[in-house]
Colleague: 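The structure's right below; bear with me while I get my questions together.
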Amino acid sequence: MVTMAQRIENLRTEKGLSRPGLAAALNFPKGSIDKFETGRQTPTKEQQEKMAAFFDVSLFYLRAESNDRTKMENWVDMDPANFIDNPTPIPVPRHVGKNTSVIEESSTGGSSLFDTFLHTKSFQEMVRATLLDVLRSPEGQRILSDAIHKELKK
């Protein structure tokens, strides 16, 4: 099993940098890379982010949580119209009695209050941030990996 310390050392040697050279390039303290690569110290979150950006890899790859170097932030910014061929109208609940409701199709073609809420910038930003947090977790990485492998086997 690869550790973050080994991953940092491998990325550094791929770039042809010495430990002090990498520390200087990242503006880290002189002996920090030595401590990171020997496992005597773990880089802070900010240091990890800086190294991942420098090596152009995902944080998951740097932390040795994944073997995929690809950054996954970019696909979330894609136009959702590329993924949805024929969007279906969202059913809208209609209150019938005291504690009951019936779901009916919106007669306005999906322009309900809920549909309007779904298209607000703040809601979309919240969903995007939540989705990125989930995808960055080890569980999210495993789910994505399983789904991709399942699709590739088809």
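All residue numbers in this chain count up from 1 along the given sequence. Here the structure is a predicted model, which is why all the values come from computation and not from measurement.
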Colleague: Linking I/L/V/M/F/W/Y whenever their side-chain heavy atoms sit closer than 4.5 Å, directly or via other members, would L131 and L144 fall into one cluster?
Modeller: yes

Colleague: Looking at Y61 and D68, what are the two nearest heavy atoms and their distance?
Modeller: CB-O, 3.5 Å

Colleague: If I compare all heavy atoms of L62 with all of Q48, which pair ends up nearest, and what's the gap?
Modeller: CD2-O, 3.2 Å

Colleague: Regarding K35 and the six-membered ring of F28, is the cationic atom NZ or CZ under 6.0 Å from the ring centre and inside 45° of its axis?
Modeller: no

Colleague: Check whether K50 reaches the backbone of L26 with its side chain - one donor and one acceptor, N or O, closer than 3.5 Å.
Modeller: yes

Colleague: With distance as the sole test, does R63 use its side chain to make a donor-acceptor pair with the main-chain N or O of M4 at under 3.5 Å?
Modeller: no

Colleague: Is the backbone N or O of T3 less than 3.5 Å from a side-chain atom of Q6, with the two atoms forming a donor-acceptor pair by type?
Modeller: yes

Colleague: Do you know the tightest heavy-atom contact between R7 and A64?
Modeller: NH1-CA, 3.8 Å

Colleague: Please give me the minimum heavy-atom distance between L22 and F54, naming the atom from each residue.
Modeller: CD1-CE2, 3.6 Å

Colleague: Do you know the tightest heavy-atom contact between G39 and A5?
Modeller: N-CB, 4.2 Å

Colleague: Give the intermediate values and the outcome of side chain to side chain contact (heavy atoms under 4.5 Å, CB included) for residues L11 and M51.
Modeller: CA-CA 9 Å; L11 290 167; M51 282 189 281; over 6 Å; no

Colleague: When you measure from the side chain of Q141 to the backbone N and O of E65, does any donor-acceptor pair fall under 3.5 Å?
Modeller: no

Colleague: On a heavy-atom basis, which atom in S18 and which in G21 lie closest, and how many Å separate them?
Modeller: OG-N, 3.0 Å

Colleague: Evaluate salt bridge (charged side-chain N to carboxylate O under 4.0 Å, His left out) for R69 paired with E14, printing each intermediate quantity in order.
Modeller: CA-CA 14 Å; R69 294 176 177 234; E14 283 177 15; 2.8 Å; yes

Colleague: Verify side chain to side chain contact (heavy atoms under 4.5 Å, CB included) between K45 and E49, making sure each step is shown before the conclusion.
Modeller: CA-CA 6 Å; K45 183 179 178 186; E49 290 170 350; 3.2 Å; yes

